[in-house]
**Student:** 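Below are the structure tokens for one structure; questions will follow.
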Amino acid sequence: MINITLKDGSVRRYEPGTSLLEIAFDISPRLAKDALVARVNGKLVDLNHRLDEDAKVEFLTFDSEEGRDVFRHSTAHVMAQAVQRLFPGTKLAIGPAIANGFYYDFDSPQRFNPEQLEAIEVEMNKIIKEDLPFARVELSREEALNKFRERGEHYKVELINDLPEDAVISCYQQGEFEDLCAGPHVPSTGRLKAVKLLNVAGAYWRGDERNKMLQRIYGTAFPKKSLLDEHLHRLEEARRRDHRKLGAELDLFSIQEEGPGFPFFHPKGMIIRNELEKFWREEHKRRGYDEIRTPVILSRALWEQSGHWDHYRENMYFTKIDDADFAIKPMNCPGSILIYKSRLHSYRDLPIRMAELGLVHRHELSGVLHGLMRVRCFTQDDAHIFMLPEQVKDEIVGVIDLVNDFYRVFGFDYHVELSTRPEKAMGSEEIWEMATNALREAMEERGLPYKVNEGDGAFYGPKIDFHLEDCIGRTWQCGTIQLDFLMPEKFDLTYVGEDGQKYRPVMIHRVVFGSIERFIGILTEHFAGAFPTWLAPVQVKVLPITDRQLDYAREVTGILAERDIRVELDARNEKVNYKIREAQGQKIPYMLVLGDREAAAGTVAVRHRRKGDLGAVELERFIENLQREISSKEC
RNA sequence: GCCGGCGUAGCUCAGUGGUAGAGCAGCGCACUCGUAAUGCGCAGGCCGUCGGUUCAAAUCCGACCGUCGGCUCCA
């Protein structure tokens with residue numbers, strides 16, 4: 001007999017050779033039905049696996065991340081099977097589970113479009129009905145290579161060749177279909193219930209644009225139809241929060257054919273921008289930053305000196321003035337550096353923190369443009385900190401705290417990534433090593449958890465990135481801190497030390513919002529357009545019930561405007577219901593309904609966009625509360 | 001840039017080879033109304049652009065532009 005220790009610590013005894021599925025059934029038939037995969041001594045294993053020795057076993061269902069991934073990975077296999085049934089000769093690349101579903105990359109002469117997706121979905125449902133067991137087969141490298149070579153599955157052959165020497169090579173079979181796969185999988189195709197194929201997209205083999213473009217089909221899967229419907233409904237809801245849709249509805253900004261990737265800010269969008277900038281200026285002044293502004297067009301020679309010409313040219317726009325070559329700035333740093341160099345600096349002056357709301361232009365590929373999130377011109381809330389080497393860590397910690405304080409005001413969750421030396425980098429390995437360690441130490445001092453992206457740094461230095469989420473869970477880089485030992489070298493920056501000698505300062509590039517445009521996009525989706533009152537383009541809408549109250553309504557509107565409250569009067573000859581509906585649609589925080597009673601008593605009937613009717617109060621009282629809410633930046 | 005989808009009125013969409021349609025928004029008139037849509041009327045379109053097929057093109061074909069979802073890149 002073997003001893004099986006379960007998650008709760010209890011021990012059960014079974015014959016050697018008992019399968020995990022049998023054990024699950026023995027514990028409860030319900031568990032056998034819900035379990036998708038098991039963790040045996042810390043490793044994920046198929047439920048069809050038989051145990052010969054004592055083991056610690058945990059059964060995983062769709063409620064766990066691992067369970068979901070296995071479920072969806074198995075669904076990807078079924079999709080591949082369906083595709084090969086319908087379109088013989090289709091070659092398979094890779095097909096993993098992803099955050100909310102799965103994909104599989106195919107190489108096929110057949111162009112997949114929505115019509116084919118439907119057919120594939122129908123075939124997948126057939127395979128699920130057939131309830132084919134997933135069988136694991138382990139085989140030698142030779143056997144595996146021969147098998148996939150024979151079938152012409154050259155992507156699989158490439159994958160096998162890249163597996164480490166000691167890897168166990170396994171295949172999974174369901175019915176006539178077989179795929180190279182480490183597993184594990186659900187016991188049989190019948191476990192997969194509700195499947196939906198979502199879209200097709202091109203994707204390069206191994207993500208490298210020099211390789212062939214494959215067709216990637218995305219889908220999602222759930223163990224119950226109701227869960228699938230719920231998920232699709234959530235996606236639908238999320239689209240309602242899309243900043244591009246809300247931007248048009250709330251009249252914040254537009255993007256026109258005449259300027260692809262170059263957003264137009266409308267009056268209401270400008271109010272949000274200006275409020276953000278006001279907040280930004282206050283906070284930066286408090287923290288010892290000086291504000292500067294540098295030109296948008298600067299000589300090409302400057303960009304050659306900075307290294308942008310060599311490393312960033314394909315993203316830049318160029319122009320000519322009187323036969324001399326100029327570039328439109330893609331970054332603000334060279335401008336800042338010129339200001340630093342305009343006079344001599346003492347070690348006593350450092351750190352110098354020069355902040356700039358700088359408009360930069362970058363040539364982004366047409367296919368990546370996305371509302372305000374990815375554009376071709378944007379305003380970075382940039383700053384360059386010039387400092388002594390021994391000030392580096394404190395300055396980085398200072399920026400980390402600044403970013404955290406900012407994001408907290410908006411109630412954002414974020415995650416942090418550290419990017420290290422890229423292939424196309426300037427400077428020696430040692431300098432990079434030093435810079436990267438400084439960033440690490442600062443994050444560790446603040447106990448900030450982070451993920452490492454090897455090779456993702458800027459060409460002049462490693463960086464810490466702060467990522468925020470949009471309405472459908474895509475993450476966007478906003479804040480970033482980049483350490484730079486190289487620009488000071490290239491531009492021969494110096495300060496005079498205690499001993500009268502010249503020394504080299506260190507430089508930090510950093511942004512907090514990242515790009516004001518992207519940040520407004522994120523804000524819009526985060527609040528679903530219902531901006532906190534301090535940011536709301538219109539804070540109060542005055543709604544007289546009939547034109548008898550127009551004079552009083554004008555008076556109230558005037559008083560509010562005088563007190564610096566952004567107020568609009570809806571003087572149209574419409575029913576109050578209609579006016580409320582419209583103001584709600586515009587997500588205006590407060591509506592003041594004014595009828596004969598209010599006009600007589602000198603009060604206002606307050607309606608809040610979320611809390612509804614709050615009853616009548618003295619106008620002065622309302623203003624006090626509103627001003628308190630605005631100045632505290634309440635969310 | 002690459003792969004696939006889409007492009008008709010300000011917005012949302014119908015129209016698949018034979019004289020361009022609806023709802024909402026806009027404008028006019030009436031209603032004077034108490035917390036999410038009052039009624040009637042009027043106007044509004046080189047059917048993304050250019051070229052081709054056809055007696056005839058919003059509709060079929062091609063190119064380009066824009067846009068959406070990805071890939072790649074990045075704030």
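Worth knowing before you read on, the calculation uses all heavy atoms, side chains too, and leaves out hydrogens, waters and symmetry mates. Letters A, B, ... are given to chains in the order of the sequence lines, protein chains preceding strands, and every chain is numbered from 1. Worth saying up front: this structure is predicted, and the values here are computed from it rather than measured.
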**Student:** Does the base of B:rG66 carry an N or O that pairs as donor and acceptor with the side chain of A:Glu258 under 3.5 Å?
**Tutor:**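 Side chain to base: no pair below 3.5 Å.
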**Student:** Taking the C1' atom of each, how far is B:rG1 from B:rC73, in whole Å?
**Tutor:** 11 Å
**Student:** Would you say the base of B:rU72 and the side-chain of A:Asp208 have a donor-acceptor pair closer than 3.5 Å?
**Tutor:**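 For A:Asp208, whose side chain was compared with the base of B:rU72, there is no donor-acceptor pair (under 3.5 Å).
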**Student:** May I ask which nucleotide in the shown strands pairs with B:rC71, Watson-Crick or G-U wobble, both distances under 3.5 Å?
**Tutor:** B:rG1
**Student:** From B:rC71, B:rA75, B:rG34, pick the nucleotide closest to the side chain of A:Val368?
**Tutor:**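 Looking only at heavy atoms from C-beta outward on A:Val368, the closest nucleotide is B:rC71.
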**Student:** With a 4.0 Å cutoff (strictly under), does any side-chain N or O of A:His370 reach OP1 or OP2 of B:rG69?
**Tutor:**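 Result: yes.
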**Student:** For B:rC13, give the paired nucleotide (Watson-Crick: N1-N3 plus N6-O4 or O6-N4; G-U: N1-O2 and O6-N3; both under 3.5 Å), or none.
**Tutor:** B:rG21
**Student:** Centre of A:Phe222's six-membered ring, under 6.0 Å away, within 45 degrees of the axis: is that where NZ or CZ of A:Arg72 sits?
**Tutor:**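 Checked: cation-pi criterion met.
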**Student:** Distance from A:Asp107 atom CG to A:Leu214 atom CG, nearest 0.5 Å?
**Tutor:** 5.5 Å
**Student:** Side-chain N or O of A:Tyr578 less than 4.0 angstrom from OP1 or OP2 on B:rA25?
**Tutor:**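 It does, given that an N or O in the side chain of A:Tyr578 lies less than 4.0 Å from OP1 or OP2 of B:rA25.
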**Student:** OP1 or OP2 of B:rA37 sitting under 4.0 Å from any side-chain N/O of A:Lys579?
**Tutor:** no
**Student:** One thing to verify: whether A:Arg206 and A:Asp162 come together as a salt bridge, which I'm taking to mean a side-chain N less than 4.0 angstrom from a carboxylate O.
**Tutor:**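 Answer for the salt bridge query: yes.
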**Student:** Could you please name the partner base of B:rU32, counting Watson-Crick and G-U wobble pairs only when both distances are under 3.5 Å?
**Tutor:**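 Paired with B:rU32, as far as the under-3.5 Å criterion goes, is no nucleotide at all.
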**Student:** With the side chain of A:Tyr218 defined as its heavy atoms from C-beta on, choose the nearest nucleotide among B:rU32, B:rG34, B:rC71.
**Tutor:** B:rC71
**Student:** Under 4.0 Å, heavy atoms only, any strand: does A:Ser366 hit a base, just the sugar-phosphate, or nothing?
**Tutor:** base
**Student:** Quick one: which of B:rU32, B:rG69, B:rC74 gets closest to the side chain of A:Ala201?
**Tutor:** B:rG69
**Student:** I want to verify a distance call: between B:rU67, B:rG7, B:rU32, whose nearest atom is closest to the A:Glu257 side chain?
**Tutor:**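 The answer is B:rG7, which lies nearest to the side chain.
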**Student:** Ignoring hydrogens and angles, are the base of B:rU32 and the side chain of A:Asp547 linked by a donor-acceptor pair under 3.5 Å?
**Tutor:**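 Yes, a donor-acceptor pair under 3.5 Å.
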**Student:** Considering residues, nucleotides and ligands other than A:Arg621, do more than 12 of their heavy atoms fall under 6.0 Å from its CZ?
**Tutor:** no
**Student:** Can a donor-acceptor pair under 3.5 Å be found between the side-chain atoms of A:Tyr204 and the base atoms of B:rG70?
**Tutor:** no
**Student:** Tell which nucleotide pairs with B:rC50, taking only Watson-Crick or G-U wobble pairs whose two distances are both under 3.5 angstrom.
**Tutor:** B:rG62
**Student:** Considering only B:rC71, B:rC33, B:rG69, which nucleotide approaches the side chain of A:Arg548 most closely?
**Tutor:**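 Of the options given, the side chain of A:Arg548 lies nearest B:rC33.
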**Student:** With a cut-off of less than 4.0 Å, is there a side-chain N or O of A:Gln482 near OP1 or OP2 of B:rA75?
**Tutor:**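 Yes, A:Gln482 has a side-chain N/O under 4.0 Å of OP1/OP2 on B:rA75.
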**Student:** Taking atom types as they are modelled, is there a donor-acceptor pair under 3.5 Å from the base of B:rC33 to the side chain of A:Asn573?
**Tutor:**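 Flag set: donor-acceptor pair detected.
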**Student:** Could you tell me whether A:Lys91 and A:Glu153 make a salt bridge, using a distance below 4.0 angstrom between a side-chain N and a carboxylate O?
**Tutor:**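 Result for this pair is no, no salt bridge flagged.
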**Student:** Going by purine N1 to pyrimidine N3 plus the second Watson-Crick contact, or the G-U wobble pair, all under 3.5 Å, which nucleotide sits opposite B:rC27?
**Tutor:**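 B:rC27 is paired, partner B:rG41.
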**Student:** Using the 3.5 Å cut-off, write out each protein N or O paired with an N or O of nucleotides 40-42 of chain B and the distance between them.
**Tutor:**
none

**Student:** Which of these passes side-chain hydrogen bond (donor to acceptor under 3.5 Å, both in side chains) with A:Asp242: A:Lys245, A:Arg239, A:Arg244, A:Arg240?
**Tutor:**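 It is A:Arg244, the one option of A:Lys245, A:Arg239, A:Arg244, A:Arg240 that forms the side-chain hydrogen bond (donor to acceptor under 3.5 Å, both in side chains) with A:Asp242.
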**Student:** Do the ring planes of A:Phe412 and A:Phe527 sit parallel (below 30°), tilted (30 to 60°) or perpendicular (above 60°)?
**Tutor:**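 If you compare the ring of A:Phe412 with that of A:Phe527, the planes turn out tilted.
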